Amino acid sequence: MKKSFNLIDKEAKQAVLLLKLKRKVKLFAFSLVGVFIVVLILVMGVLLLTKNSIQASQRKKILIENEIKSLANIETLAAVTAGRIKMINTILQERKSYSPLIADIESISVTGFRIDGLDILADGTIKISGTCDSLESLTNFNNQVEELSRLKKYSQIVYPSVGRNKDGKYNLSLELKP
Amino acid sequence: MNKLESVFRDFAVPIIAGVLVVMLTLFFLIPKIREVFSLRRELTAQNNQISKLSRKLADLKSLSEADLQTSANLVLGVLPVNQDPFKTLAVAEKIFLDSRIFLESFKFLNSVASPSGENAEEISPLGISFSFSANFNNFKEMIKKTENILPLLKIDGVKFGSVEASESASMPYLSGKISFISFSAPLPKDIGKIDKEIPKISSKDKDFIDKLKGYLTFSEEPMKDVNLSLPAGKDNPFSF
């Protein structure tokens with residue numbers, strides 16, 4: 001019995017397959033090139049536009065900077081004024097006001113009380129010594145001191161000494177600590 | 001063999017094209033895309049800086065140079081640039097004279113406590129101690145004047161050597177020492193980078209300036225506009 005092979009069919013099928021593959025590869029390659037070219041054009045376009053925008057904004061920036069430089073005197077005056085105000089505030093916050101202390105000394109200087117010694121220290125502590133010529137003036141003096149204590153003007157109010165002398169007058173010393 | 005060659009030839013062009021595309025993507029397109037992103041970031045930063053500069057320019061245009069000059073003259077009178085011991089002496093002498101206080105002697109103090117707080121390191125103090133004698137009321141007036149005079153003075157303690165009481169009045173005749181501290185501070189070295197915001201002078205600061213206008217002023221000569229010119233736009237003032 002004679003065997004028969006259909007060689008034409010097989011070759012034809014292979015050729016068709018190869019042709020199809022070739023087409024697909026070509027299509028893929030051209031698509032790849034096409035996509036690449038499109039993306040490249042887009043990227044280069046965006047790059048160019050961005051570079052132009054940067055140049056334009058740089059020009060704008062230089063113009064504004066020049067305008068600011070022309071107003072440097074105003075800026076200097078503002079910087080000096082603001083800086084000095086801060087420094088002056090620092091000094092004033094630290095500066096102890098002596099006028100209220102003097103007012104307090106006056107307020108406790110009742111009739112019949114005489115100041116014999118007075119010191120105002122840098123921290124605002126008042127050391128006062130004096131003489132009251134009667135018990136009534138001593139009471140009045142103490143009432144005034146208690147008023148200062150009530151107003152909480154001082155953190156500590158102490159009498160280091162209170163005594164009666166031979167003349168019947170009252171010697172006292174008082175410390176008012178801020 | 002010829003058939004194989006033909007197949008290879010047919011596939012060569014697409015393969016070479018594919019390889020070229022991949023190579024160009026890796027070595028040209030991707031770096032360009034990165035450049036685009038980097039430039040976009042730069043552009044955004046630059047636009048932000050422009051808007052910052054525009055705001056600063058608008059702020060500068062809204063300020064009145066004449067008003068600022070007046071304020072600067074005033075605050076420089078309150079806190080001068082250079083320490084002038086003779087001016088401090090002259091101011092103190094005027095206070096004593098106006099308060100009818102007898103000034104006996106004075107002495108410059110070697111060490112004075114510097115202020116503490118914001119910007120305090122830039123402030124230089126100068127201390128002078130005065131020996132005086134006065135009655136209590138004049139002393140009180142002197143204290144009031146000292147606290148309300150420009151340039152700024154700080155009383156750094158009062159020590160009474162003797163208190164002579166008079167029988168007729170409870171307020172005694174005092175003699176003692178009072179220490180004054182005067183202050184000075186240098187001008188800023190520069191006004192900083194160009195995009196730095198202008199120091200704000202708030203309404204509170206304006207009220208403070210108005211308050212300072214109410215202080216007594218001591219001037220030997222009429223106050224002139226102080227010519228200020230500071231270098232601008234230098235990031236590091238110490239770089240050359």
Side-chain angles (χ1 to χ4, degrees), chain A residues 18 22 25-26 28-30 32-33 36 39-40 43-44 46-47 50-51 53-54 57-58 60-61 64-65 67-69 71-91 93-99 102 109 111 113-122, chain B residues 10-11 14 17-18 21 25 29 32-33 35-36 39-40 42-43 46-47 49-50 53-54 56-57 60 63 65 68-69 71-72 75 78-79 115 117-120 123 140 143-144 147 152 154-160 163 165 170 172 183 185 187-188 191 194 198-199 201 205 208 228 230 232:
Chain A
L18 200 66
K22 252 194 266 179
V25 169
K26 268 185 191 170
F28 176 73
F30 287 128
L32 201 66
V33 171
F36 175 79
V39 173
L40 188 68
V43 169
M44 295 310 282
V46 173
L47 195 69
T50 312
K51 276 184 179 172
S53 300
I54 285 179
S57 80
Q58 248 163 1
K60 194 177 171 188
K61 191 182 153 193
I64 299 172
E65 278 179 352
E67 232 179 315
I68 288 174
K69 278 177 194 164
L71 298 170
N73 195 35
I74 293 181
E75 193 178 357
T76 305
L77 289 169
V80 169
T81 307
R84 294 270 138 171
I85 287 172
K86 275 186 192 162
M87 288 182 201
I88 295 165
N89 271 322
T90 302
I91 295 170
Q93 272 165 17
E94 227 183 50
R95 189 170 84 162
K96 181 89 198 158
S97 179
Y98 277 62
S99 294
I102 302 293
S109 299
T111 315
F113 172 72
R114 200 183 65 203
I115 296 170
D116 299 326
L118 181 63
D119 263 341
I120 305 170
L121 308 184
Chain B
D10 286 340
F11 282 105
V21 166
T25 304
L29 191 61
K32 287 290 166 197
I33 292 171
E35 197 182 336
V36 167
L39 287 175
R40 299 295 300 178
E42 195 185 314
L43 184 65
Q46 204 158 284
N47 285 339
Q49 213 180 3
I50 286 172
L53 287 171
S54 303
K56 182 175 175 171
L57 184 63
L60 277 172
L63 295 171
E65 190 173 356
L68 275 173
Q69 184 74 62
S71 301
V75 292
V78 178
L79 182 61
E118 204 181 355
N119 299 333
I123 305 168
K140 195 173 84 179
I143 295 285
K144 202 174 167 187
E147 288 175 348
L152 221 54
K154 178 186 169 187
I155 300 169
D156 195 37
V158 192
K159 283 194 174 177
F160 296 96
V163 181
S170 62
F183 302 92
L187 288 173
I191 49 175
I194 198 147
I198 323 168
I201 300 169
D205 291 339
F208 180 66
L228 299 165
L230 300 175

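Every chain is numbered from 1 and lettered A, B, ... according to where its sequence line falls, protein lines coming before strand lines. All of these numbers come straight from a predicted model, not from anything done at the bench.
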Nearest heavy-atom contact between Ala78(A) and Leu63(B) is CB-CD1, 4.4 Å
Nearest heavy-atom approach of Val33(A) to Ala17(B) is CG2-CB, 4.0 Å
Applying a strict 4.5 Å limit to non-hydrogen atoms, the region of Asp156(B) in contact with chain A is both
If one checks every heavy atom of Gln58(A) against chain B at 4.5 Å, the contacting part turns out to be both
CG of Leu57(B) to NZ of Lys69(A), rounded to nearest 0.5 Å, is 13.0 Å
query = Does NZ belonging to Lys159(B) count more than 12 external heavy atoms closer than 6.0 Å?
reply = no
Looking only at Ile68(A), Ile102(A), Thr81(A), the option with the highest number of non-hydrogen pairs under 4.5 Å against chain B is Ile68(A)
Scored by heavy-atom pairs under 4.5 Å with chain B, the best of Ile88(A), Ile64(A), Asn89(A) is Ile88(A)
OG of Ser97(A) to CD1 of Ile143(B), rounded to nearest 0.5 Å, is 9.0 Å
Chain A shares the most heavy-atom pairs under 4.5 Å, among Leu29(B), Ile198(B), Asn47(B), Ile201(B), with Leu29(B)
For Ile50(B) and Ser57(A), the nearest pair of non-hydrogen atoms, with its separation, is CD1-O, 3.1 Å
When the 4.5 angstrom heavy-atom criterion is applied to Leu71(A) and chain B, the contacting part is both
- Message: Is there a side-chain contact between Val75(B) and Ile85(A) in this structure, where contact means two heavy atoms from C-beta onward sitting under 4.5 Å apart?
- Response: yes
Of all heavy-atom pairs linking Leu187(B) and Arg84(A), the shortest is N-NH2, 3.7 Å
CG of Asn73(A) to CD of Glu65(B), rounded to nearest 0.5 Å, is 4.5 Å
*Does a donor on one side chain sit under 3.5 Å from an acceptor on the other, for Gln46(B) and Lys61(A)?*
no
For Val80(A) and Pro188(B) the tightest heavy-atom approach is CG2-CD, 4.2 Å
Scored by heavy-atom pairs under 4.5 Å with chain B, the best of Val39(A), Val46(A), Leu32(A), Leu47(A) is Leu47(A)
Exercise. Apply side chain to side chain contact (heavy atoms under 4.5 Å, CB included) to the pair Thr90(A) and Phe183(B), showing each step before the final yes or no.
Key: CA-CA 11 Å; Thr90(A) 302; Phe183(B) 302 92; over 6 Å; no
So CD1 of Ile194(B) and CD of Glu65(A): to nearest 0.5 Å the spacing works out to 4.5 Å
Worksheet entry | Pair Glu67(A) + Lys56(B), salt bridge at N-O below 4.0 Å | no
Whatever's closer than 4.5 Å to a heavy atom in chain B on Lys26(A) counts as both
(Q) Set out, in order, the CA-CA distance, both residues' side-chain angles and the distance that settles side chain to side chain contact (heavy atoms under 4.5 Å, CB included) for Ile54(A) and Leu39(B), then state yes or no. (A) CA-CA 8 Å; Ile54(A) 285 179; Leu39(B) 287 175; 3.5 Å; yes
Pair Arg95(A), Glu147(B) - check salt bridge (Lys or Arg N to Asp or Glu O under 4.0 Å), show working. CA-CA 9 Å; Arg95(A) 189 170 84 162; Glu147(B) 288 175 348; 5.9 Å; no
Of Leu152(B), Val78(B), Thr25(B), the largest count of non-hydrogen pairs under 4.5 angstrom with chain A goes to Leu152(B)
Scored by heavy-atom pairs under 4.5 Å with chain B, the best of Tyr98(A), Phe30(A), Phe36(A) is Tyr98(A)
Cut-off 4.5 Å, heavy atoms of chain A, and the answer for Ile33(B) is both
Next item on the list: Report yes if some heavy atom in the side chain of Phe160(B) is under 4.5 Å from a heavy atom in the side chain of Ile115(A); otherwise report no.
Entry: no
